[in-house]
Amino acid sequence: MTTPSLAGVHPRPRGRETSLLALAAAALVVGWLSLATTQAGHLSAGDPSLLVIYLVAAAAIHVLFVMTGRRTDQVLFPAVVLLGGISLLFMARLPPSLVTQDAGPAGVLTLAPLQLVWLVLSLSVIGTLAVVVRNDTWLRNYKYTWAAAGVTLLLLVFLFGVEVNGVRLTLRIGPLAGQPSELLKIILVVFLAGYLAENRALLAGTSLRVGPLDLPPLAYLLPMLAMWGIALAVVVVQRDLGAALLFFAVFLGLLYVATQRTSFVALGLLLAAVGSVFLYAVEPTVQVRVAIWLDPFAQALGSGFQIVRGLYAFGRGGLLGTGLGAGLPSPDGTLAVPALQTDYVFAGLAEELGAAGAIALIGLYLVIAERGLHIAARGADDFRAILAAGLTLVLVLQAALIMAGDLKLVPLTGVTLPFVAYGGSSLLGSGICVGLLLALSDAGVEAPAPPPALTRGERWRARGRSAAGRLERAVR
Amino acid sequence: MSAFEVLVWTLRLAFLGLLYLFLAVLARGLLRDLRAATSQTVRAAGALLVMAAPAGTPAVGATMELETISTIGRDADNVVVVDDPFASTHHARLTFRGRVWYLEDLGSTNGTLLNGRPVQGAVPVGFGDEVAVGQTRFRLEPASGT
């Protein structure tokens, strides 16, 4: 039996997390059986090594949480594990040759093993941040440094970014390729939390009256205009509509959280409307996006192809879906919907799990939203509260944007579905968000238990001691 | 329906069922959390300890529990009533906003002091800070009940 050597670290049971994780694991095992049986044509578990490795990793991080005994949220981690597991099931079901990467000594990894590697890394990031981060001064005190780092990252992408599918958001450093906008989102939230927490009273209290309008003071409009400019630049230079929309939406959301002033939001929406019209006028990409959103069937074999096929996938799914592994994209054939593993993962899941599965997925994101805002509401101070709200907004708005885009509720924007879509940058970025949320949710040190009541004998002895003390002092 | 089809359907429905079971267990827990959070009575966590009162009321050493919005003054409708000729009828106001107490002067004749400095606008007050109204001095303390 080894006792932890660090002072103040005591194991603490996390019953709720344990039972939720067990339930998630049971669901994933049944899902895996369903997939393997459908594919094999008889009851089979296929090759369960991927799922086993994933569940063992999740269990190991749970044990780490228990051993380190921090009083963090017990719901977020199981929800994330279930989302990641669904992702793993779906990637295992797609054609493995969709994505391949030479991993050196490990040989060539295909889609599902690659996703497993990123999922495990993402869970490890959550575990590390949730255990290690006890102090937020490094985030709080260097907000302008973080902002500078963010802008540098953005400039690097502007200058050296590589275009993939007409979108310039991939940065290549040697053999590594990543999408810095995933990291940028978090840096933006950290900066905004620092800035808004510091200027909250000023922003909420003062105003500039122009006739009937109650405008925020001019000096504090500048950050809003800067954000607006950055969002526009991201669209124009990177052609990344999704990231721009997300940045601006998170910014407005946080501004409202910090000040509770609807005039800011109204002004921001006005700016967004002006920006949209401007972009629509100058950017052909935006025009195409809007056109295929309004009527994808006009270009059913051209630019609207993806949306049309996506809608068909939702239709094929119906209420209960075709079953995992029984959807149109056969494991060895071509994809029914382009980008099924990334942008259209929601459509693919809705085809195989039906409306029931899709609604369950939305439910999981709602759980993350509820927990995140709960953590924000209980935040010990303004910075922590705004930071938690921002991290939650990043995750949830992103999920909402892409799910609504797949459903043709809003124009399609290329953001990823957190923890479900294929992709390392996205998984790591989402992992950082959840890890920080967990660290922020720490309820702190428990108040020490009240001292046990004295027994009759002890009471007499205590009285005797105090009498002796009084005598002592009187003599002196 | 063949035995295999029954098996596949069973597995598919079991998977969806377990997803919803997970959500249901979560929802029950979250609702319990919310109920617990709302049932906790909202009370302001603060009290004023009387440090000095030349006029005699309130008594030095007395603690006065504060409400979320507490006015201090000579009038009887104040939360904290001071019998002090140098205090105005409605002299100052302490408000608990979110997590912090704020002090503001209500246009009193002699002003309100926070740690010896005149208060202008709403200023945050920490526990242990000294609030002076007329000749009466208070110290802000955490409420005894919490």
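Owing to the predicted nature of the structure, the values given are computational and were not obtained by experimental measurement. Chain naming here is simple, since letters A, B, ... match the order of the sequence lines and numbering starts at 1 in each.
Heavy-atom distances place both the backbone and the side chain of B/Leu21 under 4.5 Å from chain A. For B/Leu16, the part lying under 4.5 angstrom from a heavy atom of chain A is the side chain only. Both the backbone and the side chain of A/Leu364 have a heavy atom closer than 4.5 Å to some heavy atom of chain B. For a residue to count as touching a neighbouring chain, one of its non-hydrogen atoms must lie under 4.5 Å from one of that chain's; by this rule A/Ile86 touches chain B with the side chain only. Heavy-atom distances place the backbone of A/Ala377, and not its side chain, under 4.5 Å from chain B.
Heavy-atom contacts from other residues, nucleotides or ligands closer than 6.0 Å to OH of B/Tyr102 number more than 12.
Comment: A/Arg378 does not engage B/Asp33 in a salt bridge, judged by the lack of any side-chain N to carboxylate O separation of less than 4.0 angstrom.
Closest approach of B/Leu11 and A/Ser34 over heavy atoms only: CB-CB, 3.7 Å. In this structure, A/Ala356 and B/Tyr20 approach most closely via the heavy-atom pair O-OH, 2.5 Å. Between A/Arg16 and B/Leu30 the shortest heavy-atom distance is NH2-N, 3.7 Å. Closest approach of B/Arg12 and A/Gly323 over heavy atoms only: NE-CA, 3.2 Å. Of all non-hydrogen atoms in B/Phe15 and A/Leu89, the two that sit nearest each other are CZ-CD1, 3.8 Å.
Here the straight-line distance linking atom CG of B/Leu13 with atom CG of A/Leu320 works out to 6.0 Å at 0.5 Å rounding. One finds the CD atom of A/Glu370 at 9.5 Å from the CG atom of B/Leu26 (value rounded to the nearest 0.5 Å). The distance from atom CG of B/Leu19 to atom CG of A/Leu23, rounded to the nearest 0.5 Å, is 9.5 Å. Here the straight-line distance linking atom CZ of B/Phe4 with atom OG1 of A/Thr37 works out to 6.5 Å at 0.5 Å rounding.
In terms of heavy-atom pairs under 4.5 angstrom with chain B, the leader among A/Leu20, A/Leu43, A/Thr38 is A/Leu20. Ranked by heavy-atom pairs under 4.5 Å with chain B, the list A/Ala326, A/Gly321, A/Gly354, A/Ala385 is led by A/Gly321.
Close approach to chain B, defined as a heavy atom under 4.5 Å from one of its heavy atoms, is seen in A/Val75, A/Pro78, A/Ala79, A/Leu82 of residues 74-83 of chain A, taken by number.
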